[in-house]
Trainee: 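Can you keep this structure in mind? I'll have questions shortly.
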Protein chains: 2
Amino acid sequence: MPKTKQFDEAEVLKKAEEVFNEKGYNGTSMDDLVRATGLSRSSIYDTFGDKHGLFLKALGNYQDGQNRAMQTLQAKTDSAKKKIRSIFDYMINDIVTDKARKGCMMVNANMELNCVDKDVAQMALTTMEEMEQQFTIWIKEGQAAGEISKKFPAKTLARNLYNNLMGLRVTGRNRPDYDTLRDITKVTLSLLDQ
Amino acid sequence: MPKTKQFDEAEVLKKAEEVFNEKGYNGTSMDDLVRATGLSRSSIYDTFGDKHGLFLKALGNYQDGQNRAMQTLQAKTDSAKKKIRSIFDYMINDIVTDKARKGCMMVNANMELNCVDKDVAQMALTTMEEMEQQFTIWIKEGQAAGEISKKFPAKTLARNLYNNLMGLRVTGRNRPDYDTLRDITKVTLSLLDQ
DNA sequence: TATCATTTGGAATAATCGTTCCAAAGTTAC
DNA sequence: GTAACTTTGGAACGATTATTCCAAATGATA
């Protein structure tokens, strides 16, 4: 009977995610990954195939984690407006508590690799479309319930909200200041009111 | 009397900018730069010091170009609201006409290198603050002239506008569709109206 | 304990990397 | 044409890179 793996794959992905996020894909060497994960090269290659395979797995893992966290928060309320607000609150908190200022792995990967890595480009597009779709659903509910303005079509407003979320990822990288990000978001969310 | 340089530095910076923008800093090799610029290694090192020096110079050159283009457009009108609109129009047009989908070099560099390159982080922060300051000035003018709503403090609204511009840089990377970006911007600019 | 089949550790490999090196080439002045 | 001084071309260099390789180690089972 063969030896079984002695490491926790989820833990390894988390460690890889952190170093990839900090140094970028091309700026992260296999040595960096060996050190960060505590695994030998053989273990990394046997489990993930190659550097790129590990990267994609870590990126998917990262986004799943983000999605789950946001899902948990928005489920605490039935109000569409509050669901949307909870997403922005989550995002601001994520930015402000990111001590190493690593930013969002999906945005980083997309900005670094969109031209040269189709897998990453596709993941980023899918993530965007899913989030926009979720916002659209909530906005439609909110508009039907009368708590969100009908001034703009739901899809358009949803896209603007997502745009603002991504903007936070960029500007928050430069200046992860809670009050500033809160103020920016207040203005954004005022769009739901008119 | 010594031989004079046989290349146009501005042209070289432009070429370097393009390849850096497409492949990222760490994904671009000196071979790539030699090929893209048509220069020998000696010429590159003699003129720019090293890869990093060339990168920073190209990045500064890129941002100067962006600033000049936006400056030219906004100068065509006295209306603060129209100045702001012209910046968004410029940005959308820049995104949509970017055939290779390289994106914004400053955003790309910042997302790739913010944690590991203080020069880049500083340049990105400076660029952001300058743009926000410019928006603040225009918004104040517009509020004084009665063409822009006084609902939000000028600085806060300026930051939200900049946030939206950066959002366009990210979302436009995934989906450089003119109509979509226009719609997103319409919602954003409605903030100036109330 | 023995067996089995995988995991592990880490050296080896070929290629690539950023930078240095230096002779040849080129421009200008005399 | 010669002298002076920089630019240019591209090979050389030491370090780093992602991946392969393979023997030792090890966990699971009988």
Trainee: Do the charged groups of A/Glu18 and A/Lys15 touch, with an N to O distance under 4.0 Å?
Mentor: no
Trainee: With sequence neighbours left out, write down each residue that passes side-chain contact (heavy atoms from CB on, under 4.5 Å) with B/Ser86, or none if nothing qualifies.
Mentor: B/Leu73, B/Gln74
Trainee: Taking B/Arg182 first and then B/Asp179, would you say they form a salt bridge - that is, a charged N and a carboxylate O separated by under 4.0 Å?
Mentor: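 A salt bridge is absent here (no side-chain N lies under 4.0 Å from a carboxylate O).
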Trainee: Rounded to whole Å, please give me the gap between CZ in A/Arg35 and P in D/dT16.
Mentor: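 It is 11 Å, rounded to the nearest whole Å.
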Trainee: Over how many whole Å does the gap from B/Leu39 atom CG to D/dT8 atom P extend?
Mentor: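 The answer, rounded to whole Å, is 7 Å.
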Trainee: Verify the neighbour count for atom NZ of A/Lys102: are there more than 12 heavy atoms of other residues, nucleotides or ligands below 6.0 Å?
Mentor: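 Yes, because the 6.0 Å sphere around NZ of A/Lys102 holds more than 12 heavy atoms from other groups.
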Trainee: Starting at CD of A/Gln6 and ending at C1' of C/dA5, how long is that distance when rounded to a whole Å?
Mentor: 14 Å
Trainee: Can you name the salt bridge (charged side-chain N to carboxylate O under 4.0 Å, His left out) partners of B/Asp31, sequence neighbours left out?
Mentor: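 Only B/Arg41 meet the salt bridge (charged side-chain N to carboxylate O under 4.0 Å, His left out) criterion with B/Asp31.
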Trainee: Treating primed atoms plus P, OP1 and OP2 as sugar-phosphate and everything else as base, which nucleotides of nucleotides 14-25 of chain C get B, S or - for protein heavy atoms under 4.0 Å?
Mentor: ---SSBBB----
Trainee: Between the protein and nucleotides 28-30 of chain C, list every N/O to N/O distance that falls short of 3.5 Å.
Mentor:
unit_1, atom_1, unit_2, atom_2, d
C/dT28, O2, B/Met1, N, 3.1

Trainee: Atom CG of A/Leu33 and atom C1' of D/dT16: how far apart are they, to the nearest Å?
Mentor: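 Those two atoms, CG and C1', are 15 Å apart.
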Trainee: My understanding is that only residues two or more places apart in sequence, or in another chain, count here; which of them pass side-chain hydrogen bond (donor to acceptor under 3.5 Å, both in side chains) with B/Tyr45?
Mentor: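 For B/Tyr45, no residue satisfies side-chain hydrogen bond (donor to acceptor under 3.5 Å, both in side chains) once neighbours in sequence are set aside.
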Trainee: Check this for me, if you would: do A/Asp193 and A/Lys81 make a salt bridge, where the nitrogen-to-carboxylate-oxygen distance has to be below 4.0 angstrom?
Mentor: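 A salt bridge is present here (some side-chain N lies under 4.0 Å from a carboxylate O).
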Trainee: Please state how far atom CG in A/Leu54 lies from atom P in D/dT19, giving the value in whole angstrom units.
Mentor: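 The distance from CG of A/Leu54 to P of D/dT19 comes to 10 Å, rounded to the nearest Å.
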Trainee: Are any of A/Ser43's side-chain N or O atoms less than 4.0 Å away from OP1 or OP2 of C/dT8?
Mentor: yes
Trainee: Rounding to a whole Å, what distance do you find between B/Asp46:CG and D/dT6:C1'?
Mentor: 9 Å
Trainee: Rounded to the nearest angstrom, tell me the gap between atom CZ in A/Phe48 and atom P in D/dA18.
Mentor: 16 Å
Trainee: Measure NZ/B/Lys5 against C1'/D/dT6 and give the value in whole Å, please.
Mentor: 8 Å
Trainee: With sequence neighbours excluded, tell me which residues meet side-chain hydrogen bond (donor to acceptor under 3.5 Å, both in side chains) with A/Asp64.
Mentor: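 Scan of A/Asp64 (side-chain hydrogen bond (donor to acceptor under 3.5 Å, both in side chains), adjacent residues dropped) gives none.
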Trainee: Between B/Lys14 and B/Glu11, is there a salt bridge with N-O shorter than 4.0 Å?
Mentor: no
